[in-house]
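Worksheet for the structure shown next.
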Amino acid sequence: MLLLATPSTADEAAVKKWAAEEFQPSTLSNTEQMAELAWFIKAAEPFRGMEINVVSETLTTHEYEAKVLAQAFFEITGIKVNHDLIGEGDVVEKLQTQMQSGRNIYDAYINDSDLIGTHTRYQQVRNLTDWMVGEGASVTSPTLDIEDFIGRSFTTGSDGKLYQLPDQQFANLYWFRYDWFTNPDLKVQFKAKYGYDLGVPVNWSAYEDIANFFTNDVKEIDGETVYGHMDYGKKDPSLGWRFTDAWLSMAGAGDKGLPNGTPVDEWGIRVDGCSPVGSSVARGGATNGPAAVYSVEKYIDWLKKYAPPTAGGMTFSEAGPVPAQGAIAQQIFWYTAFTADMVKPGIAVMDGEKPKWRMAPSPRGAYYEEGMKLGYQDTGAWTLMKSTPTKRAQAAWLYAQFTVSKTVSLKKSHVGLTFIRESDIWDDSMTERAASLGGLVEFYRSNSRVLWTPTGNNVPDYPRLAQLWWQDIGDAISGEKTPQAAMDSLANAQDRILRRLERAGVQDVCGPKLNQPRDPEYWLNQPGSPKPKLSNEKPQGVTVDYDELIKEWAAIPRPE
């Protein structure tokens with residue numbers, strides 16, 4: 001029985017209200033929810049009256065946390081949370097500033113697991129494996145159930161320690177208008193021109209054919225201009241994400257291996273053991289190799305030929321809502337984080353409660369080989385800096401766990417559709433809703449999801465290296481540089497940063513140890529990545545029927 005006798009220990013009626021009215025559905029029974037919340041009340045007693053500051057990027061999931069969960073946590077625990085919502089780049093900048101200055105800016109961050117290589121090498125964040133049995137033991141929930149988190153491998157360092165607690169997770173998949181792709185007249189027209197069926201593209205050749213078909217042959221549907229492709233191209237930091245989020249791996253630039261290619265990853269960085277040794281082909285990397293250049297050429301070609309004319313001037317956030325407006329036939333690079341906005345009633349791509357669209361596996365570039373990662377999947381995860389005073393970190397850790405607790409997580413999953421727990425994915429409420437989510441539930445219940453992974457441990461300093469990409473790629477889009485020159489510049493810039501890190505000696509464990517440059521032909525003639533240029537980068541297009549494809553994502557037995 002809960003003893004909530006005074007306002008200072010929260011009000012039993014308020015706790016019951018949140019559990020009954022807001023935190024439904026839940027994978028826990030009401031009794032289990034009340035017991036879990038009772039633990040939070042007790043654990044929070046030493047921190048009652050505190051005010052803490054946390055930050056995340058602006059996503060539907062995090063808006064729910066900032067607007068609803070922070071208030072619930074305050075009413076239940078007496079700890080006030082200022083949950084700031086800012087741009088993803090700004091989150092990384094604040095984190096980097098705290099790392100460099102040692103000044104406590106935020107008590108906890110939700111930042112991408114892309115920084116795992118940074119966190120493990122600099123050792124400026126608390127590794128949660130040790131924290132949960134050390135300073136954080138008294139504030140670590142007995143019902144946290146780490147094994148239930150599907151993204152924990154993304155937030156585990158090369159040392160086997162957990163550095164971040166997953167909060168939301170999304171993948172980068174292929175999106176298309178199922179209603180148009182199954183239209184009999186359009187199917188006849190496409191096959192007459194290309195000799196194969198209109199369907200989900202398996203390779204980039206088919207994607208390009210379909211993009212051309214809708215943009216230049218179909219042109220209009222129901223009196224509205226339509227386009228066969230959507231992307232964005234403004235010279236802006238978000239352009240870097242467009243490429244670091246595994247575009248090179250989709251083209252086939254890296255090596256085989258999961259969760260990231262070994263020894264060359266999806267950024268084109270080669271490691272020896274766990275030490276980065278170069279990203280340029282001259283040092284054994286692949287950032288400026290033929291496959292990487294091919295990926296940039298295709299990106300620019302499709303953007304200019306098949307996307308709306310305004311797309312080239314858009315940023316990530318501006319381009320995201322466009323497919324929901326109803327004029328886009330397909331998008332090769334589409335984040336499932338947009339699903340919540342794509343299923344809103346009354347929008348152009350919904351037919352009542354049924355989507356007119358579907359999501360499917362990403363098509364593969366000409367250099368792709370079986371056994372490689374196929375695309376990007378990341379988890380935004382709670383991170384505690386060592387520079388945060390212990391008591392503030394403990395209070396923030398309570399809030400972090402609250403936002404992912406089993407009392408809360410299923411409801412949050414329904415709101416933001418960014419699953420983090422296996423138990424939520426398999427809940428009956430998700431089965432009931434699956435038909436209205438365009439393949440999202442099937443994807444997360446499938447074994448295929450392991451082919452989509454975040455930036456891995458090869459990247460030793462994500463904030464410094466990531467900011468290089470948008471500048472050189474932007475020069476390629478504008479025509480200031482050829483794609484080859486842009487990637488040469490990028491690879492050399494990455495190598496310069498790796499060299500500076502090596503000389504500074506700031507990464508004692510797994511720090512860079514650059515290879516000496518040699519004739520690129522040496523590396524191009526070695527097995528694996530970097531790969532020599534193909535004589536034919538546009539093989540025959542291949543498609544598959546979506547209704548057959550989805551059988552590969554059919555529900556597998558629920559893990560016990």
Side-chain angles (χ1 to χ4, degrees), residues 57 88-89 91-93 95-96 99 109-122 125 151-159 162-164 166-173 237-271 274-276 278-279 285-287 292 295 316 333 335-337 362 372-381 383 449-470 473 490-491 493-494 497-498 501 507 510 512 529:
E57 64 175 298
E88 180 185 357
V91 174
V92 175
E93 181 182 347
L95 183 70
Q96 188 177 29
M99 288 173 60
Y109 293 80
I110 301 178
N111 68 276
D112 287 352
S113 63
D114 293 330
L115 277 85
I116 188 65
T118 307
H119 294 328
T120 55
R121 288 179 174 89
Y122 282 112
V125 306
R152 65 188 183 279
S153 64
F154 302 164
T155 61
T156 298
S158 55
D159 57 3
L162 185 75
Y163 281 81
Q164 302 167 277
D167 178 87
Q168 50 85 0
Q169 187 165 322
F170 57 85
N172 196 335
L173 300 177
S238 66
L239 183 60
W241 314 335
R242 172 64 180 77
F243 284 82
T244 58
D245 287 359
W247 184 240
L248 273 63
S249 78
M250 293 168 66
D255 271 313
K256 297 178 182 180
L258 295 171
N260 304 89
T262 303
V264 179
D265 72 355
E266 69 278 7
W267 282 34
I269 296 176
R270 174 181 287 270
V271 295
C274 63
S275 293
S279 58
T287 308
S295 77
F316 166 80
F333 199 86
Y335 290 91
T336 62
S362 311
M372 295 177 62
K373 68 179 287 183
L374 185 50
Y376 179 80
Q377 182 176 195
D378 184 40
T379 179
T383 307
R449 73 179 187 217
V450 302
L451 298 176
W452 284 260
T453 68
T455 300
N457 281 294
N458 286 21
V459 180
D461 192 321
Y462 183 92
R464 284 189 175 92
L465 291 168
Q467 65 183 342
L468 300 175
W469 288 66
W470 64 276
I473 300 295
L490 173 61
Q494 288 198 141
I497 288 180
L498 295 179
L501 292 173
Q507 297 181 338
C510 299
S529 183

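Just the heavy atoms: all of them, side chains too, but no hydrogens, waters or symmetry mates, feed the values below.
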Exercise for review: Taking Asp265 for its side chain and Asn458 for its backbone only, find out whether a donor-acceptor pair lies under 3.5 Å.
Suggested key: no
Check your understanding: Could you state the interatomic distance from CG (Leu95) to CE (Met99), rounded to the nearest 0.5 Å?
Key -> 6.0 Å
Review point. Have Thr262 and Asp255 got a donor and an acceptor in their side chains that come within less than 3.5 Å?
Key: no
Review point. Distance only, no hydrogens: is a donor on one side chain within 3.5 Å (strictly under) of an acceptor on the other, for Thr383 and Asn111?
Key: yes
Review point. Does Ser362 have any side-chain hydrogen bond (donor to acceptor under 3.5 Å, both in side chains) partners at least two apart in sequence or in another chain, and if so, which?
Key: Trp452
Check your understanding: Do you know which two heavy atoms are closest between Ala292 and Leu248, and how far apart they sit?
Key -> CB-CD2, 3.6 Å
Point to revise | Exercise: identify the closest heavy-atom pair between Arg121 and Pro276 | key: NH2-CD, 3.8 Å
Review point. Do Leu451 and Leu258 come close enough that some side-chain heavy atom pair is under 4.5 Å?
Key: yes
Exercise for review: Drop me the distance from Leu498's CG to Arg270's CZ, to the nearest 0.5 angstrom.
Suggested key: 13.5 Å
**Study point:** Approximate separation, where rounding is to 0.5 Å, of Phe154 CZ and Thr455 OG1
**Key:** 11.0 Å
Check your understanding: Quick one: does Asn172's side chain have a donor or acceptor within less than 3.5 Å of a partner on Tyr376's backbone?
Key -> no
Review point. For the residue pair Thr155 and Leu162, what are the closest heavy atoms and their distance?
Key: OG1-CD1, 3.1 Å
Check your understanding: Is Thr287 reaching over with its side chain to a backbone N or O of Ala491, donor-acceptor style, under 3.5 angstrom?
Key -> no
Check your understanding: CG of Leu501 to OG of Ser275: how many Å apart, nearest 0.5 Å?
Key -> 11.5 Å
Review point. Is it true that a side-chain atom of Thr336 and a backbone atom of Ala171 form a donor plus acceptor pair closer than 3.5 Å?
Key: yes
Check your understanding: Mind checking whether Leu468 and Ile497 have side chains closer than 4.5 Å, heavy atoms only?
Key -> yes
Practice item. Locate the shortest heavy-atom distance separating Gly380 from Asp112; write the atom from each residue and the value. Key: CA-OD1, 4.1 Å
Check your understanding: Counting N and O atoms only, with roles assigned by atom type, does the side chain of Glu266 sit under 3.5 Å from a partner on the main chain of Lys373, one being a donor and the other an acceptor?
Key -> no
**Study point:** For Pro463 against Thr118, the heavy-atom pair lying closest together
**Key:** CD-OG1, 3.8 Å
Check your understanding: Tell me, do Pro512 and Gln507 make a side-chain contact under 4.5 Å, heavy atoms counted?
Key -> yes
Exercise for review: For the pair Arg152 (side chain) and Pro166 (backbone), establish whether a donor and an acceptor sit closer than 3.5 Å, ignoring hydrogens and angles.
Suggested key: no
Check your understanding: What's the verdict on side-chain contact (heavy atoms from CB on, under 4.5 Å) for Asn260 and Thr453, showing C-alpha distance, side-chain angles and the deciding distance?
Key -> CA-CA 7 Å; Asn260 304 89; Thr453 68; 3.8 Å; yes
Practice item. Could you walk me through whether Gln168 and Glu57 pass side-chain contact (heavy atoms from CB on, under 4.5 Å), step by step? Key: CA-CA 11 Å; Gln168 50 85 0; Glu57 64 175 298; 4.3 Å; yes
Review point. Is there side-chain contact between Asp114 and Val459, with at least one heavy-atom pair below 4.5 Å?
Key: no
Review point. Counting distance only, does the side-chain N/O of Ser529 pair as donor-acceptor with the main-chain N or O of Ala253 below 3.5 Å?
Key: yes
Check your understanding: Considering only heavy atoms from C-beta outward, does the side chain of Cys510 approach that of Ser158 to under 4.5 Å?
Key -> yes
Review point. What's the shortest heavy-atom distance between Arg464 and Asp461, and which atoms?
Key: NH1-OD2, 2.5 Å
Review point. Can you list every pair that meets side chain to side chain donor-acceptor pair (under 3.5 Å) and has a residue in residues 237-251, with sequence neighbours left out?
Key: Asp231-Arg242, Asp236-Ser238, Asp245-Tyr335
Study note, to complete from the structure: Which of Phe243, Trp267, Tyr462 passes ring pair (Phe, Tyr, Trp, His ring centres under 6.0 Å) with Trp469? It is Trp267
Exercise for review: Carefully, step by step, assess Phe170 and Gln377 under the rule side-chain contact (heavy atoms from CB on, under 4.5 Å).
Suggested key: CA-CA 6 Å; Phe170 57 85; Gln377 182 176 195; over 6 Å; no
Practice item. Go through Phe316 and Glu88 one step at a time and tell me if the side-chain contact (heavy atoms from CB on, under 4.5 Å) criterion holds. Key: CA-CA 11 Å; Phe316 166 80; Glu88 180 185 357; 5.7 Å; no
